[in-house]
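Hydrogens, waters and symmetry mates are skipped; everything else that's a heavy atom, side chains included, is used. Bear in mind that the values here come from a model prediction, so they are computed numbers and not experimental data. Just so it is clear: chains get the letters A, B, ... in the order the sequence lines come, proteins before strands, and each one is counted from 1.
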2 protein chains.
Amino acid sequence: MTKRTAQSSSIKDVAALAGVSIATVSRVVNGVANKASAETVERVRKAIATLEYRTTSAGRDLRQRTSRLVAVLAANLANPAMAAIAASAETALRGRGLVMVLCDTHDQPELQDEYLREMLAQQARAIVLLGAVESPTLRRLQNSTTPIVFVNRRNPTGHVGSFIGIDNRRAGEDVAQWAIGRGFHKAALIHAPTTSSATRERVVGILAGFAAAGAPIPDHFVLSPNAGDHLNLGLQAAQQLIDMGQAPDLVIGTSDLIAFGAARAWREAGFLALPRMIGFDDSPMNEWLASELSSVRIPYDAFGAAIVEAISTADATSQIVLHHRIVERPWQQRI
Amino acid sequence: MTKRTAQSSSIKDVAALAGVSIATVSRVVNGVANKASAETVERVRKAIATLEYRTTSAGRDLRQRTSRLVAVLAANLANPAMAAIAASAETALRGRGLVMVLCDTHDQPELQDEYLREMLAQQARAIVLLGAVESPTLRRLQNSTTPIVFVNRRNPTGHVGSFIGIDNRRAGEDVAQWAIGRGFHKAALIHAPTTSSATRERVVGILAGFAAAGAPIPDHFVLSPNAGDHLNLGLQAAQQLIDMGQAPDLVIGTSDLIAFGAARAWREAGFLALPRMIGFDDSPMNEWLASELSSVRIPYDAFGAAIVEAISTADATSQIVLHHRIVERPWQQRI
DNA sequence: AAAACGAAGGAAAACGTTTTCCCAAATCGG
DNA sequence: CCGATTTGGGAAAACGTTTTCCTTCGTTTT
């Protein structure tokens, strides 16, 4: 008689069991004030508990023309720092009743566009670009009503958009000061292509920092191969340095991955003593896996809250600056 | 006059523009045969392109009582190997028009339950448990119609469920054989709690392998602390070994993270020469970051396709065994 | 005592699809 | 050339919500 399938129950079942209309159930669920007496609320609550009722999101989304989904489009999930930020975002979003959909754009404009379109069709509540790349659909999205948040890298289309990240220029300067203060005088800088604002600002900061101290990095110590991911990029740049017979006393990578790649070059070349290295991002695994790499730590755990704040506020140009700090790891001199 | 807001267009707009009914549009979109003439299809196609129409998922989901969402509940996203599997899953699912929702359960039953309930309310098409843990809701889900796939770890509730992973027991035996073949005779085994089938089977395989060769690992070389994550677990176990004055010539960890933790213990204790180590999983980063760790490689890239296959088939007990192989990395003897 | 108001709650519309019935026209089999 | 089948397509129901109007009381204000 009653629909007793394995299917979960709907608001109608709850209404029937509680002896009220579905409107009332909805209002109780959503906590609308002054719309139900204490006893009614109680009865509805009990019915909900009995039937283990949970709002079906499709119905809600359809009616409200929006969903609980928040798209997080990450440039590279293989980067543990990005994965850590994504994890932080997921926790924070859930705290607000939102669901994270995570995609890896592999830094490819076409893939990013495909995801953007798909997420619009899903009526995503907001879109978080964790390392955005310039692309047509992104450009067309500027005047959409869907909140877009740029994390780490600024809006690459030239328009100003909501941004969350550290002060990269300042971080670069800090690294330069740190290097000078520690007495390094033959630093090499390996950086990724400056298409991303993060890399660009870091490079500018580093060079400015050295220049201000009267110790500029010579041109032939600044390398920027354009091949492949950051790991291979660091590898190739370092091989180039080695081929040139250069022996820097410090290698600065604009990301930790670059530093990892560089380290591999020296290892493979058979060097026993690697130059000291410093990178950016400092993933949680560094403490365990890269115990000799110093790094500029970005506060991954703080990103989640910042993202939630950014998508909650109506301001599409809000800028949230998170604080970085240099994590210096001891240098193990091998005998 | 016409609804010309920033909102995206609906099936009605397409129908109007193409001069057909919404039913026809729907059929064209979904490729229903024998329901529209070639010219009609063409007209509808053009209208769709003009309006940049994309099906609103809420409407479809509501009608079909299911969604395109596939929930992936990972036990620990900080583990690069899990992140790699998740990335592989995402790509494969997208190829089938499905959307991945990624959650981190932190190996906690309560959190896993919370996610399970949420995903059921979302009418998730399927649920992928990437490292499941025993929990009440999971148990109650046994007779649900939603496909559930267990990856890496088998169904912890005792019921048999769809499984994807390597042959862990066999992998354990392979490691034992490898160790014996390489002449190690003072191996230490550090393993996580055997609540997970993966760990359990690996341990059994390893011990059986050594025993079969007449070279069993002595009890006091088998350690299984129960504190914290795998990194700390490895650290503590290794510290214990060091405190006991033991100097194994090989450390076997049931996961790479355990090996990383163990390595840290020796480093922090000031040892210049670490014991050789072998772990399980072999994340893509190992090649760069852990160039001396040998490991049993699981084929991360193969997981995506396997997951798609598992959730497509009706068989709720399908078992997909992926092939592992030992990646041996050279041992750099430091002078 | 009348008027005004707030509280409690129901009826019904609307959201965008898919899909089941229909029906008309065209094609086919004999 | 007639009945049967196929092809092409429309009308409308249904999916599960939220929310806008109403309506009915009971209470407060004049």
Side-chain angles (χ1 to χ4, degrees), chain A residues 3 5 7-45 47-48 51-69 97 120-125 145, chain B residues 3 5 7-45 47-48 51-69 97 120-125 145:
Chain A
K3 229 194 308 179
T5 74
Q7 302 308 329
S8 56
S9 39
S10 84
I11 199 172
K12 265 188 216 159
D13 305 324
V14 177
L17 182 57
V20 297
S21 75
I22 62 168
T24 299
V25 175
S26 174
R27 291 192 274 247
V28 168
V29 168
N30 296 298
V32 180
N34 289 338
K35 276 308 207 174
S37 68
E39 310 104 76
T40 305
V41 170
E42 181 54 29
R43 250 182 317 142
V44 172
R45 287 246 147 79
I48 288 176
L51 298 174
E52 293 181 318
Y53 168 73
R54 282 208 133 199
T55 303
T56 305
S57 38
R60 191 217 292 120
D61 294 352
L62 184 56
R63 169 67 218 229
Q64 298 185 328
R65 339 178 52 125
T66 180
S67 80
R68 245 71 171 173
L69 260 39
L120 288 180
Q122 294 276 350
Q123 318 229 54
R125 178 72 65 88
T145 58
Chain B
K3 229 196 301 179
T5 73
Q7 302 306 328
S8 55
S9 38
S10 84
I11 199 172
K12 264 189 216 159
D13 306 323
V14 177
L17 181 57
V20 297
S21 75
I22 62 166
T24 300
V25 176
S26 174
R27 290 191 275 246
V28 169
V29 168
N30 296 299
V32 180
N34 289 341
K35 275 308 205 174
S37 68
E39 311 103 77
T40 306
V41 170
E42 181 55 27
R43 249 183 317 141
V44 172
R45 286 245 147 79
I48 288 176
L51 298 174
E52 292 182 314
Y53 168 74
R54 283 207 132 201
T55 302
T56 305
S57 37
R60 193 220 287 120
D61 294 352
L62 184 56
R63 169 67 218 231
Q64 297 185 330
R65 335 177 58 121
T66 179
S67 80
R68 247 72 172 169
L69 260 40
L120 288 181
Q122 295 278 347
Q123 317 232 53
R125 178 72 66 86
T145 58

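For A:Thr56, counting side-chain heavy atoms from C-beta on, the closest listed nucleotide (C:dA8, D:dG9, D:dT17) is D:dT17. Of the candidates C:dT18, C:dA11, C:dA14, the closest approach to any side-chain atom of A:Ala23 belongs to C:dA11.
Between the CG atom of B:Asn30 and the P atom of C:dT19 there is a distance of 7 Å, rounded to whole Å. Separating the CD1 atom of B:Ile22 from the P atom of D:dA12 is a distance of 11 Å, rounded to the nearest angstrom. In this structure, B:Gln64 places its CD atom 12 Å from P of C:dT17, rounding to the nearest Å. Put simply, CD on A:Glu42 is 17 Å from C1' on C:dA8, counting in whole angstrom units. Rounded to an integer number of Å, the gap from NZ of B:Lys35 to P of C:dT18 is 15 Å. Rounded to whole Å, the distance from CG on B:Asn34 to P on C:dA26 is 17 Å. Here the P atom of nucleotide D:dG16 and the CD atom of B:Gln122 are 15 Å apart, to the nearest Å. Following rounding to the nearest Å, B:Lys12 (NZ) and D:dG10 (P) show an atom-to-atom distance of 16 Å.
The base of D:dT17 is not paired with the side chain of A:Arg60 by any donor and acceptor separated by under 3.5 Å.
Across all strands, A:Ser26 comes closer than 4.0 Å to base atoms (heavy-atom distances). Across all strands shown, B:Val32 has no heavy atoms under 4.0 Å from either base or sugar-phosphate atoms. Here A:Thr40 lies in heavy-atom contact (under 4.0 Å) with sugar-phosphate atoms only.
B:Gln123 and B:Ser67 share no side-chain donor-acceptor pair at under 3.5 Å. Counting only N and O atoms by type, the side chains of A:Thr55 and A:Arg60 include no donor and acceptor under 3.5 Å apart.
When the options A:Val41, A:Thr40, A:Val32 are evaluated for a side chain to side chain contact (heavy atoms under 4.5 Å, CB included) with A:Thr24, the one that passes is A:Thr40. Of the residues listed (B:Leu17, B:Ile11, B:Asp13, B:Asn30), the one engaging B:Val25 in a side chain to side chain contact (heavy atoms under 4.5 Å, CB included) is B:Ile11, and it is the only one.
Residue order along DNA chain D, read from the 5' end via each residue's closest nucleotide, puts B:Arg27 first among A:Thr55 and B:Arg27. Toward the 5′ end of DNA chain D lies the nearest nucleotide of B:Val20, the other residue of the pair B:Gly59 and B:Val20 mapping further downstream.
Phosphate proximity of C:dA7 to A:Ser37: absent, as no side-chain N or O sits under 4.0 Å from OP1 or OP2. Checking the phosphate oxygens (OP1, OP2) of D:dG10, a side-chain nitrogen or oxygen of B:Thr24 falls inside 4.0 Å.
The minimum heavy-atom distance linking A:Ala58 with B:Asp61 is given by the pair CB-CB, 3.9 Å.
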